[in-house]
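Note sheet for the following structure.
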There are 2 protein chains.
Amino acid sequence: MEEIASLLKKIAPEVAHVIEQRFDILKNIYYNQPIGRRALSVVLSLPERPLRTEVKRLEEQGLLEIDPKGMRVSQEGERIIARLENFVYFLKGLNFIAERIKGKFGCEVIIVPGDSDIDETVKNLMAKEAAAYLRSFLKNGDIVAVTGGTTMAQIPKNMPRLTGYEDVLVVPARGGLGERVELQANTIAEELAGRLGAQYRLLYVPDNLGPEAMESVTNEPRIKEVITLIRRADIVIHGIGGAEEMARRRGLDEKVIREILESGAVAEAFGYYFDCEGRIVYITTSAGLSVNDLKNIPKVISVAGGSKKASAIRAFLKYLRPNALITDEGAARKLLELEGGEK
Amino acid sequence: MEEIASLLKKIAPEVAHVIEQRFDILKNIYYNQPIGRRALSVVLSLPERPLRTEVKRLEEQGLLEIDPKGMRVSQEGERIIARLENFVYFLKGLNFIAERIKGKFGCEVIIVPGDSDIDETVKNLMAKEAAAYLRSFLKNGDIVAVTGGTTMAQIPKNMPRLTGYEDVLVVPARGGLGERVELQANTIAEELAGRLGAQYRLLYVPDNLGPEAMESVTNEPRIKEVITLIRRADIVIHGIGGAEEMARRRGLDEKVIREILESGAVAEAFGYYFDCEGRIVYITTSAGLSVNDLKNIPKVISVAGGSKKASAIRAFLKYLRPNALITDEGAARKLLELEGGEK
DNA sequence: ATAACTGGGACAAAAATTATCCCGGGAGGT
DNA sequence: ACCTCCCGGGATAATTTTTGTCCCAGTTAT
């Protein structure tokens with residue numbers, strides 16, 4: 001596969017673009033179906049007419065079904081998407097990039113093609129990889145902790161319904177995050193447990209309580225029990241955010257935000273803010289997993305993509321080496337660029 | 001490889017065409033180098049301007065070197081050609097066709113892309129395959145018999161210079177064929193022996209001698225010895241010709257030609273003419289291997305291509321099942337067509 | 001010398017691609 | 001039962017790309 005990709009790039013480089021583009025189109029239809037020609041042309045930022053020719057070709061190949069409701073990918077098209085993603089991976093030389101990142105940061109690296117800053121559906125690809133990766137070693141008895149975020153929210157949706165994981169326990173890594181419900185860790189934990197046919201426990205603790213309020217809440221027996229379970233997690237899957245974006249999404253005070261940013265924060269994970277050297281510069285008061293606990297957790301999986309997040313990812317990786325990083329092409333390329341520029 | 005080819009055909013069928021065309025171009029430059037743009041446009045029957053754009057692309061990729069003497073393929077280009085041929089094989093679905101022919105005729109089938117009726121260089125591909133196939137089982141002590149013909153003539157040229165075959169003996173399958181010297185069995189035997197570093201014995205006996213003349217010639221001790229060796233051959237590599245074409249090339253009388261054709265002859269091999277059912281309808285008087293001897297020869301390799309020869313190949317295969325058939329796309333497709341039409 | 005190649009450049013004609021409309025129809029919300 | 005919105009498909013004109021066909025200067029083999 002890898003060899004053919006390089007062969008193709010040599011003999012017909014323009015062709016690579018065509019294939020990548022068709023993959024993008026197919027993928028975007030798949031995750032937005034049914035969708036119309038014009039709406040699609042907007043999300044792909046591709047002129048309508050060229051899109052139309054492309055779509056027509058795909059339809060002729062039987063990969064697309066197209067009726068007055070809009071376009072959908074056919075069963076055959078679905079099968080093609082998976083194989084195509086794999087091929088595009090090599091076509092873009094992502095295997096090479098993954099190898100280099102692995103060399104620099106010493107963790108497993110999985111890269112999906114695309115840039116989630118430009119194309120929302122790329123998050124689905126990352127989530128699918130995360131789900132597949134989790135599944136590859138998940139066993140009964142494991143405790144899985146998850147965080148919130150847009151990419152994390154896609155993981156349950158990209159996990160097939162399974163059986164045989166009745167003794168798995170899914171928990172949120174930390175308390176409520178003041179985000180939209182569907183992006184909260186609690187929601188994601190519950191949904192993931194649903195897909196796995198597993199148990200789940202939730203943790204409702206507001207962020208940024210005062211010290212004594214926090215104390216009294218965490219001493220509630222039922223809450224205390226959940227926190228204990230969380231700290232004993234075998235697997236953590238978490239997102240990484242940009243510092244400013246996350247601070248705003250959590251509705252922090254403008255003053256606090258300025259303070260955080262002035263201290264050099266670029267990344268956020270688990271409610272901790274990191275500067276570009278991976279130093280902790282601010283902590284959101286919250287219940288659940290602290291980053292110190294991470295060292296005792298056998299399997300840490302970081303999931304984050306988008307070229308704008310590259311520096312955040314880099315900062316977090318400097319703080320902690322996870323077992324695996326699942327990211328996208330946009331972030332991966334930028335990450336290498338940042339690293340290369342420094343050396 | 002096969003899977004990627006089918007993937008590519010599904011997702012971007014036009015691309016397949018581009019790749020096949022570039023392969024054709026590269027291949028034709030390789031076998032005719034150095035060659036100019038215009039001359040190439042003639043042998044490819046491709047308009048000059050499109051060819052020019054293609055050539056420019058290939059040059060940009062470093063596959064072509066291009067100077068005032070003409071175009072040549074670079075070292076990298078050479079490496080690409082081999083890999084590309086293999087890929088084009090699957091892209092054209094020749095694996096599938098080979099399987100079907102094998103099923104119908106029960107012999108190994110090797111198909112190379114292209115049609116030697118249209119593109120002369122395809123004969124080189126067949127010859128290269130024949131050479132590689134021969135090499136795969138040739139061992140010291142073997143006697144190899146070869147016939148004449150345009151495709152056969154390319155075999156020595158596509159055989160690398162080898163050592164370790166000092167005890168191999170290469171002989172012509174039959175006496176002189178009244179053809180141009182470079183296409184005669186004797187010449188080919190000598191050249192092949194040269195490449196292998198092997199021994200060779202030649203056989204100069206004119207075609208169509210009268211019975212008593214033939215008798216006296218074949219009783220010559222030295223000639224008799226060679227004929228004995230030929231009959232003991234372990235491996236025979238032979239071409240198959242169209243009946244009319246071969247009769248003319250041998251300079252037979254117009255009257256005889258008409259007679260042969262009227263008896264339904266479509267194919268020629270070893271000086272024997274076959275009708276479309278594989279029955280022998282005419283025999284050129286000549287010394288050497290007779291088709292009866294073929295049954296005692298462990299390894300028979302038939303090499304012939306070009307869509308116009310499909311019916312000749314079919315006729316010969318009905319007469320005798322060789323161990324392997326090495327042919328080209330044009331003949332293979334036509335062959336299946338003929339078979340399919342009958343069933 | 002000269003004839004027959006070579007690649008590169010130029011340019012008008014033709015073809016394909018592009019952008020941008022409009023139209024009739026069905027779905028979903030009201 | 002309506003009304004509105006989005007759907008695919010068709011049409012058209014402007015624009016870009018591709019195509020065919022020259023000529024030219026240099027190189028090589030005769």
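Below, chain A is the first sequence line, B the second, and so on; all start at residue 1.
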Exercise for the section: Without swapping roles, check the side chain of Ser116(B) against the backbone of Asp119(B) for a donor-acceptor pair under 3.5 Å. Expected result: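 Not at all, since once roles are kept as given, no pair shorter than 3.5 Å links the two residues.
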Practice task
Is it possible for you to check whether Lys27(A) lies under 6.0 Å from the centre of the six-membered ring of Tyr30(A), through NZ or CZ, and within 45° of that ring's axis?
Solution key: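 No.
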Salt bridge [X]-[Y], side-chain N to carboxylate O under 4.0 Å:
X	Y	answer
Lys56(A)	Glu59(A)	no
Arg333(A)	Glu337(A)	no
Arg57(B)	Glu60(B)	no
Glu245(A)	Lys308(A)	no

Under 3.5 Å donor-acceptor pairs involving side-chain atoms of residues 81-96 of chain B, not counting sequence neighbours:
from: Arg83(B); atom 1: NH1; to: Glu3(A); atom 2: OE2; distance (Å): 3.1
from: Lys92(B); atom 1: NZ; to: Glu329(B); atom 2: OE1; distance (Å): 2.7
from: Asn95(B); atom 1: ND2; to: Glu2(B); atom 2: OE2; distance (Å): 2.8

Exercise for the section: Assign Ile35(A) to base, sugar-phosphate, or nothing according to its heavy-atom contacts below 4.0 angstrom with the strands shown. Expected result: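 Sugar-phosphate, backbone atoms only, no base.
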Handout entry: Protein proximity profile, nucleotides 20-27 of chain D - base contact B, sugar-phosphate-only contact S, no contact -, cut-off 4.0 Å on heavy atoms
Key = BBBB---S
Practice task
Using chain A heavy atoms and a threshold of under 4.0 Å, write down where along DNA chain C the contacts begin and end, 5' to 3'.
Solution key: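 It runs dT18(C) to dC22(C).
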Practice task
Evaluate whether atom CZ of Phe23(A) has more than 12 neighbouring non-hydrogen atoms of other residues, nucleotides or ligands under 6.0 angstrom away.
Solution key: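 Counting neighbours around CZ of Phe23(A), more than 12 heavy atoms of other residues, nucleotides or ligands fall under 6.0 Å, so yes.
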Exercise for the section: Answer yes or no: does atom CD of Gln21(A) have more than 12 heavy-atom neighbours from other residues, nucleotides or ligands under 6.0 Å? Expected result: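 Counting neighbours around CD of Gln21(A), more than 12 heavy atoms of other residues, nucleotides or ligands fall under 6.0 Å, so yes.
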Exercise for the section: Would you indicate whether the side-chain heavy atoms of Glu48(B) and Arg37(B) approach each other to under 4.5 Å? Expected result: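 Yes, their side chains come closer than 4.5 Å.
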Exercise for the section: In whole angstrom, give the distance that lies between atom CG of Asp67(B) and atom P of dT28(D). Expected result: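 Answer to the nearest Å: 9 Å.
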Exercise for the section: Using atom CD of Glu54(B) as one end and atom C1' of dT18(D) as the other, report the distance to the nearest whole Å. Expected result: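 Whole-Å distance recorded here is 12 Å.
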Practice task
Return the set of residues passing side-chain contact (heavy atoms from CB on, under 4.5 Å) with Glu191(B) (not counting sequence neighbours), or none when no residue passes.
Solution key: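 In terms of side-chain contact (heavy atoms from CB on, under 4.5 Å), with neighbours along the sequence ignored, Glu191(B) is linked to Pro156(B), Lys157(B), Thr187(B).
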Handout entry: Difference in axis direction between the ends of the helix from dA1(C)-dT30(D) to dT30(C)-dA1(D), five pairs, 10°
Key =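 Comparing the axis at each end, I get an angle of 30°.
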Practice task
Give me the residues of residues 9-24 of chain B where at least one heavy atom lies under 4.0 Å from an atom of DNA chain C, by number, or none.
Solution key: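 Close to the strand, none.
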Exercise for the section: Please name the pair of heavy atoms, one in Pro13(B) and one in Arg22(A), separated by the smallest distance, quoted to 0.1 Å. Expected result: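 Of all heavy-atom pairs spanning Pro13(B) and Arg22(A), the closest is CD-NH1, 4.2 Å.
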Handout entry: Gap separating the CG atom of Leu64(B) from the CD1 atom of Ile80(B), nearest 0.5 angstrom
Key =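 With rounding to 0.5 Å, CG (Leu64(B)) is 12.0 Å from CD1 (Ile80(B)).
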